[in-house]
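Read through the structure below, which is laid out as structure tokens, and then see the notes.
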Amino acid sequence: MAESYTYSLWLESLWGPDWGLNDPSQYNFDANVLPLKYIAGQIADSWDWVRNGDGTSDLHVTIRDDVYFQEKDAEYDVFGGRNLTAEDVKFSYDRILGTGEGGSAEMASYEISWPSIFSGILDFTYPSPVEVEGDYQVVFHLASEAESVLETFMYTAVNITGVEWDTLSEEQRNDWHYACGTGPFVLVGYEPDSYYKYERNANYYDFDERHPENRLPYLDSLTLTAVQDAASIQASFIAGNLDYVSLDANLTPDQTQQIVDALGGDLQVIYLDSNAAGIALKVNQEPFSDIRVRVALQKAVNLEQVNAAYYGYETPLNLAGLWIAPRSEWSSIPDWDAELLGEYTYDPEGAKALLAEAGYPDGFTFTVALDTNADQDLYLLIKTYFAAIGVTMELDPVADMQAAHQISGDSANPEQINQNIADLESFDSAIFMYGSTGFANPTFHTDTEFDAMLADAQAALTNDEAAQYAKAADQRFAESHWIIACSGTTLKTELLQSRIGGLENGERISYSRFTRPFLARIWAIDGQ
């Protein structure tokens, strides 16, 4: 109950995305962020946020009174199909945080550090940050009056279970037959590393917003199958044995195109912006302490060619900034002037001139350590671009991620490191990754003005104000060239057979924590 992955379809959280706003031209719902305007009630029916005037705030939530636990076979029916109440909500938060009194004060065992996630969000000066006001009312005590903190709290999905969880033995908690929640699908079969099989929850409370006469979910059954490699996914989808391939299948553009060629128009292909590849430069070292050198390296990379020839994308190049690709409201790229755009435009002669001006007319040699997830072929291509301006880049694939972290975190190590760009979702992550005193900062810059922008964004009381500081930090990040962009934002692919209905205008099911409400709203066309 303390996990938040897509396979937990029997569980639900208080909030989810507004299905009616699932517009891919406005927002990519796969992101681990969800702007406040896109948040809708799931178990939560209504809520009222009150700033207390002392730096804290309270969120008063009324949950629905028509939510019931799933009914299981008698041997495993611990909840008895009872009505979910506010006590269950409090219990669920207390159980993952180790707060409250009695049994709930013992933290649930899991890999995710929920107390760390909610640090600075919930007010832990209380014995429990959540209190019950009535059968269907709870109050969450938040540690800030900032609108962004409210937003973060609401999109951080916590699975809601019931107090009966603590009556189960350890053996029962690890037996899938006892899996029970209030979600749209009931877990009816499970084989480790193979599949999850679900059936429709006949007593599910929710209705389709677009077709309010229809009780959800539409599908009678659903199986999530683990397919170990992209080639097998490709073959199974072409054969019609898979209906949906999620974004994290990591199909290459060639594999996707082969599927399109094989099936013609008999499928749905949905693309989603993802992060970009880059090289983080330790600017405490020469020659990278000179911004002219960093700009020269960026000008040497033909991003347009990488986008079209290497990745095979027909879509225009999308430059990458500091923030995760879907956070368009935090991006400064649309506001870049011609000078800054020029610094990200292929210009090898201009790059040579900058190197000469900086005192490196004959170039130099440096080494980049590639972590285990790096696309080595891409960096071999980047190596040829640098060679064309007289710079030699050696590549050093490392054995594991621990070795990569050691290289990245050692300011005296002359090796640089590959680094994704446009993959930060919050101000906390930006401070952690790129603040001058950030624990994981791979560039070792000392730009206190950049730090101040992030701090101001984090302290802003409204989301509009936070977005302005986020844009300023994004522009500062781009101007500083601490990371050389080796691609624009890349694309992930979501594939659906044409027999899947319920999606409009390129909408996505999404592989994120919000897959549950989306899967409840799709159907099989013509009874397939």
Side-chain angles (χ1 to χ4, degrees), residues 4-24 29-30 34 38-47 61-72 79 81-84 88-89 136 154-155 157-162 179-189 196-224 243-244 246 268 270 494 496-497 499-528:
S4 62
Y5 301 113
T6 57
Y7 51 70
S8 305
L9 301 182
W10 61 92
L11 292 164
E12 288 185 291
S13 55
L14 290 175
W15 295 281
D18 187 335
W19 179 250
L21 296 176
N22 184 16
D23 181 351
F29 273 116
D30 90 298
L34 189 63
Y38 286 97
I39 294 175
Q42 190 61 53
I43 292 175
D45 185 52
S46 62
W47 50 92
V61 180
T62 300
I63 66 171
R64 298 177 62 136
D65 62 6
D66 58 352
V67 180
Y68 292 85
F69 283 95
Q70 299 162 351
E71 295 183 8
K72 306 285 288 188
F79 292 90
R82 70 170 177 81
N83 182 224
L84 180 137
D88 299 309
V89 175
Y136 301 104
M154 292 176 70
Y155 74 59
V158 169
N159 293 327
I160 305 301
T161 184
C180 184
T182 63
F185 297 100
V186 182
L187 184 65
V188 297
Y196 290 82
K197 184 172 179 60
Y198 304 91
E199 290 182 356
R200 181 178 186 271
N201 178 7
N203 295 320
Y204 192 55
Y205 59 88
D206 212 0
F207 287 78
D208 188 343
E209 298 89 341
R210 294 172 178 171
H211 308 279
E213 70 279 8
N214 294 340
R215 183 182 288 273
L216 299 172
Y218 289 108
L219 297 176
D220 292 321
S221 64
L222 178 70
T223 302
L224 299 186
D243 292 289
Y244 165 59
S246 65
Q268 302 173 63
I270 301 166
E494 189 174 66
L496 298 98
Q497 299 286 2
R499 58 180 171 261
I500 299 298
L503 302 174
E504 298 180 4
N505 303 320
E507 286 177 337
R508 307 176 175 97
I509 290 179
S510 162
Y511 73 100
S512 76
R513 67 196 75 179
F514 300 120
T515 298
R516 290 169 278 196
F518 288 6
L519 286 179
R521 288 160 171 80
I522 64 171
W523 59 77
I525 296 174
D526 296 329
Q528 299 182 64

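Since the structure is predicted, the reported quantities are computational estimates derived from the model, not experimental observations.
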What are the two closest non-hydrogen atoms of S13 and W15, and how far apart are they?
-> OG-O, 2.9 Å

To the nearest 0.5 Å, how far apart are CD1 in I43 and CG in D66?
-> 10.5 Å

All side chain to side chain contact (heavy atoms under 4.5 Å, CB included) counterparts of Q268, not counting sequence neighbours = L496, I500, L503

Could you tell me the separation between the CD1 atom of I63 and the CG atom of D88, rounded to the nearest 0.5 Å?
-> 7.5 Å

Give the minimum heavy-atom separation between P217 and N201, together with the two atoms involved.
-> CD-O, 4.0 Å

Between Y68 and D65, what is the shortest heavy-atom contact and its length?
-> OH-O, 4.4 Å

Kindly compute the distance separating CG (N203) from OG1 (T182), expressed to the nearest 0.5 Å.
-> 12.0 Å

Chi angles and distances behind the side chain to side chain donor-acceptor pair (under 3.5 Å) call for N83, Y136 = CA-CA 10 Å; N83 182 224; Y136 301 104; 2.4 Å; yes

Carefully, step by step, assess K72 and V186 under the rule side chain to side chain contact (heavy atoms under 4.5 Å, CB included).
-> CA-CA 8 Å; K72 306 285 288 188; V186 182; 4.0 Å; yes

Who passes salt bridge (Lys or Arg N to Asp or Glu O under 4.0 Å) against R210, sequence neighbours left out?
-> E504, E507

Enter the distance from L84:CG to F69:CZ here, rounded to the nearest 0.5 Å.
-> 4.5 Å

Mind checking the CG-CG spacing from L14 to N159? Nearest 0.5 Å is all I need.
-> 10.5 Å

Could you tell me which residues satisfy side chain to side chain contact (heavy atoms under 4.5 Å, CB included) with P517, sequence neighbours excluded, listed by chain and number?
-> P17, Q42, R521

What residues, two or more places apart in sequence or in another chain, satisfy salt bridge (Lys or Arg N to Asp or Glu O under 4.0 Å) together with R200?
-> none

List the steps and the verdict of side chain to side chain donor-acceptor pair (under 3.5 Å) for E494 and Y244.
-> CA-CA 8 Å; E494 189 174 66; Y244 165 59; 2.8 Å; yes

Would you mind reporting whether D18 and E209 have side-chain heavy atoms less than 4.5 Å apart?
-> no

For the residue pair P184 and L9, what are the closest heavy atoms and their distance?
-> CD-O, 3.6 Å

Non-neighbouring partners of E199 that pass salt bridge (Lys or Arg N to Asp or Glu O under 4.0 Å), sequence neighbours left out | none

Would F185 and L219 satisfy side chain to side chain contact (heavy atoms under 4.5 Å, CB included), going step by step from the backbone distance to the final call?
-> CA-CA 9 Å; F185 297 100; L219 297 176; 4.2 Å; yes

At their closest point, which heavy atom of T161 faces which heavy atom of C180, and how far apart are they?
-> OG1-O, 4.4 Å

Take the angle between the ring planes of H211 and W523 and call it parallel below 30°, perpendicular above 60°, tilted in between.
-> perpendicular

Excluding sequence neighbours, so at least two apart, what forms side chain to side chain contact (heavy atoms under 4.5 Å, CB included) with A179?
-> W10, L187

E12 versus Y205, closest heavy-atom pair with distance | OE2-OH, 2.9 Å

Look up atom CG in L222 and atom OH in Y196, then write down how far apart they are to the nearest 0.5 Å.
-> 13.0 Å

